[in-house]
Amino acid sequence: QVQLVESGGGLVQAGGSLRLSCAASGRTSSNYAMGWFRQAPGKERDFVAAISRSGGSTYYADSVKGRFTISRDNAKNTVYLQMNSLKPEDTAVYYCAADGILTMVPRSYDYWGQGTQVTVSS
C-alpha cells in the first residue's frame, strides 16, 4: 500500500507559477513510477506528466510541454510538478498517482492521492 498526499495548489493569475508536491508513505515510492493527472469540472481525468522510478524518463501531455516539469526526490519520497506560465485552462483538481510501470493511462495507476485544487484566473 502507498498513501499519497498532494499539496501546493491554490489561486494564481495567468502567467504565474505553482509547485505541487506529492508526498508518499507506506511502501517506498522509488518502487513506483509516478504520474500527475488533472480533472476539470464535468470533464474526464486527463494525463499531465509521468516520471519513471529513477527519474530518468519523463512524459508530458502536449498541452503542458515546455511549461510544466515533473521531478522526484526518492530520498524524500516526494514527487513534484513545477507549473510555469499557467493558463486559465490549467484550472483543475490535480492528482498524483503511483503505478508499477511508467504509463499515461489513468486506469493503470493503482494508488491515488486526494487531489489539490489549482485555479488560474485570467
Side-chain angles (χ1 to χ4, degrees):
Q1 282 279 356
V2 177
Q3 292 78 44
L4 303 173
V5 178
E6 302 96 336
S7 61
L11 173 63
V12 63
Q13 288 188 331
S17 298
L18 283 175
R19 188 195 197 199
L20 305 184
S21 298
C22 174
S25 61
R27 290 187 177 179
T28 305
S29 65
S30 60
N31 291 334
Y32 298 91
M34 301 293 293
W36 284 98
F37 296 82
R38 65 187 182 186
Q39 188 167 19
K43 295 188 176 182
E44 294 185 350
R45 190 167 297 187
D46 291 332
F47 169 76
V48 175
I51 189 166
S52 63
R53 300 178 189 186
S54 67
S57 297
T58 56
Y59 294 153
Y60 294 94
D62 288 342
S63 59
V64 307
K65 279 181 182 176
R67 300 188 298 123
F68 291 10
T69 303
I70 188 171
S71 62
R72 68 190 299 163
D73 185 338
N74 285 339
K76 295 182 178 180
N77 285 332
T78 302
V79 177
Y80 305 97
L81 186 67
Q82 178 67 44
M83 306 186 295
N84 299 328
S85 302
L86 282 161
K87 305 174 181 179
E89 50 264 43
D90 294 318
T91 296
V93 177
Y94 283 70
Y95 299 88
C96 71
D99 190 45
I101 61 172
L102 182 60
T103 176
M104 297 180 285
V105 180
R107 65 177 180 271
S108 294
Y109 282 78
D110 296 322
Y111 304 103
W112 292 84
Q114 83 290 348
T116 185
Q117 177 70 47
V118 171
T119 303
V120 184
S121 63
S122 57

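What you see below is based on every heavy atom in this structure, not just the backbone, and it leaves out hydrogens, waters and symmetry mates. What you see is a predicted model, and the numbers here were worked out from it, not measured in a lab.
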**CA sep, side-chain torsions, deciding dist, call: L102, Y59, side-chain contact (heavy atoms from CB on, under 4.5 Å)** = CA-CA 9 Å; L102 182 60; Y59 294 153; 3.8 Å; yes
What I'd like to find out is whether the side chain of T116 reaches to under 4.5 Å of the side chain of L20, using heavy atoms alone.
yes
Next item on the list: Without swapping roles, check the side chain of S63 against the backbone of A61 for a donor-acceptor pair under 3.5 Å.
Entry: no
Q | Validation row: S121, V12 side chains within 4.5 angstrom (heavy atoms) | A | no
Exercise. Do F68 and D90 come within less than 4.5 Å of each other through their side chains, counting heavy atoms only?
Worked result: yes
- Single-linkage hydrophobic cluster W112~V93, side-chain heavy atoms < 4.5 angstrom: yes
Check: Is any side-chain heavy atom of Y111 less than 4.5 Å from a side-chain heavy atom of Q3?
Finding: no
For V79 and R72 the tightest heavy-atom approach is CG2-CB, 4.0 Å
Could you check whether any side-chain N or O of Q117 sits under 3.5 Å from a backbone N or O of G9, counting only pairs where one atom can act as donor and the other as acceptor? no
Heavy atoms of M34 and A98 approach each other most closely as SD-CB, 3.5 Å
Quick check: do V64 and R38 have side-chain heavy atoms less than 4.5 Å from each other? yes
message: Looking only at the side chains, is there a donor atom on one of N84 and S17 sitting less than 3.5 Å from an acceptor on the other?
response: yes
Measure from the side-chain N and O atoms of S52 to the backbone N and O of S57, and report whether any donor-acceptor pair falls under 3.5 Å. yes
In short, L18 meets L86 closest at the heavy-atom pair N-CD1, 3.8 Å
The complete set of disulfide bond (SG atoms under 2.5 Å apart) pairs with one or both residues in residues 52-121, sequence neighbours excluded, reads C22-C96
Can you tell if the side chain of M83 reaches within under 4.5 Å of the side chain of V118, non-hydrogen atoms only? yes
*asked:* Whether R45 engages the ring of Y95 as a cation-pi pair (distance to the six-membered ring centre under 6.0 angstrom, angle to the ring normal within 45°) should be assessed.
replied: yes
Output for pair (D99 CG, D110 CG), nearest 0.5 Å, gives 5.0 Å
For W36 and E6 the tightest heavy-atom approach is CZ3-CG, 3.9 Å
Smallest heavy-atom separation, P88 atom then A14 atom, equals CD-CB, 4.1 Å
Closest heavy-atom pair, T78 versus S21, reported as atoms and distance to 0.1 Å, is CG2-CB, 4.3 Å
Taking the side chain as everything from C-beta on, heavy atoms only, tell me whether R53 gets closer than 4.5 Å to N74. no
Could you check, using the six-membered ring where one of them is a Trp, whether F47 and F37 have ring centers closer than 6.0 angstrom?
yes
Geometric cation-pi criterion, R19 with Y80: 6.0 Å, 45°: yes
Review point. Can I70 be reached from Y109 by stepping across I, L, V, M, F, W or Y side chains whose heavy atoms are under 4.5 Å apart?
Key: no
Residues passing the side chain to side chain contact (heavy atoms under 4.5 Å, CB included) test with E89, sequence neighbours excluded, are K87
Here the gap from L81 atom CG to Y60 atom OH, rounded to the nearest 0.5 Å, amounts to 7.5 Å
Q. Can you find a pair of side-chain heavy atoms, one from Q39 and one from D46, that are under 4.5 Å apart?
A. no
